[in-house]
Amino acid sequence: MFGEFQNTIQTVVNVDRSRKTTFMGTYVTTGGTGGLKGIKGLGRFAGVGELDAEGKAIRNEYAGEGEYWFEK
């Protein structure tokens, strides 16, 4: 399966060196080979990650939705 992604990422570093990163984007499925020949699709995704001052992950969320179909 082949696709194209576009996304935006922003990281904010706080005074205590903790960090929060947010991202969002879209994707387009452009095709495939074998059993996925003729597949097309699109969708979107978003998420957030937070690290404490030592770099330890304290929050990680991701959500995505999309659809696909097969063209003849």
Side-chain angles (χ1 to χ4, degrees):
M1 195 164 73
F2 307 103
E4 299 174 7
F5 291 81
Q6 292 186 346
N7 64 349
T8 300
I9 300 171
Q10 179 183 28
T11 299
V12 175
V13 180
N14 298 311
V15 176
D16 67 356
R17 295 183 44 221
S18 63
R19 298 181 294 271
K20 179 179 181 180
T21 300
T22 57
F23 61 92
M24 61 175 30
T26 59
Y27 67 88
V28 177
T29 303
T30 57
T33 61
L36 297 175
K37 185 175 180 180
I39 194 167
K40 300 289 182 184
L42 52 94
R44 59 185 168 198
F45 56 91
V48 63
E50 293 184 40
L51 302 174
D52 66 13
E54 288 77 42
K56 179 181 174 187
I58 56 176
R59 179 178 172 204
N60 187 17
E61 295 179 18
Y62 177 88
E65 64 181 10
E67 60 184 77
Y68 67 91
W69 59 90
F70 288 91
E71 294 186 342
K72 300 283 178 174

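Only this structure's heavy atoms are used, side chains among them; waters, hydrogens and symmetry mates stay out. Keep in mind that this is a model prediction, so the values were computed, not measured.
Separation of atoms CE (Met24) and OG1 (Thr8) is listed at 7.5 Å; rounding is to 0.5 Å. Rounding to the nearest 0.5 angstrom, the gap separating the OG1 atom in Thr29 from the CD atom in Glu67 is 10.0 Å. Atom CD of Gln10 and atom NZ of Lys20 lie 9.5 Å apart (nearest 0.5 Å).
By the rule that hydrophobic residues join a cluster once side-chain heavy atoms approach within less than 4.5 Å of another member, Phe70 and Met1 end up as members of one cluster. Placement of Phe5 and Phe23 within a single hydrophobic cluster is found when ILVMFWY residues are connected by side-chain heavy-atom separations under 4.5 Å, directly or transitively.
Between Phe45 and Tyr62, the ring planes lie parallel to each other; the angle is under 30°, not in the 30° to 60° tilted range.
The heavy-atom pair separating Ile39 from Tyr68 by the smallest distance is CD1-CD1, 3.9 Å.
When side chains are defined from C-beta on, Trp69 counts as touching Leu42, because their heavy atoms get closer than 4.5 Å.
Here the side chain of Lys37 pairs no donor or acceptor atom with the backbone of Gly32 at under 3.5 angstrom. Not a single donor-acceptor pair under 3.5 Å links the side chain of Asn14 to the backbone N or O of Asp16.
Checked against Thr11 for a side-chain contact (heavy atoms from CB on, under 4.5 Å), the options Thr21, Leu51, Thr22 give a single hit: Thr21. None of Lys56, Arg59, Glu61 except one satisfies the side-chain contact (heavy atoms from CB on, under 4.5 Å) rule with Glu50; the exception is Arg59.
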- Carefully, step by step, assess Thr33 and Phe2 under the rule side-chain contact (heavy atoms from CB on, under 4.5 Å). CA-CA 9 Å; Thr33 61; Phe2 307 103; 3.9 Å; yes
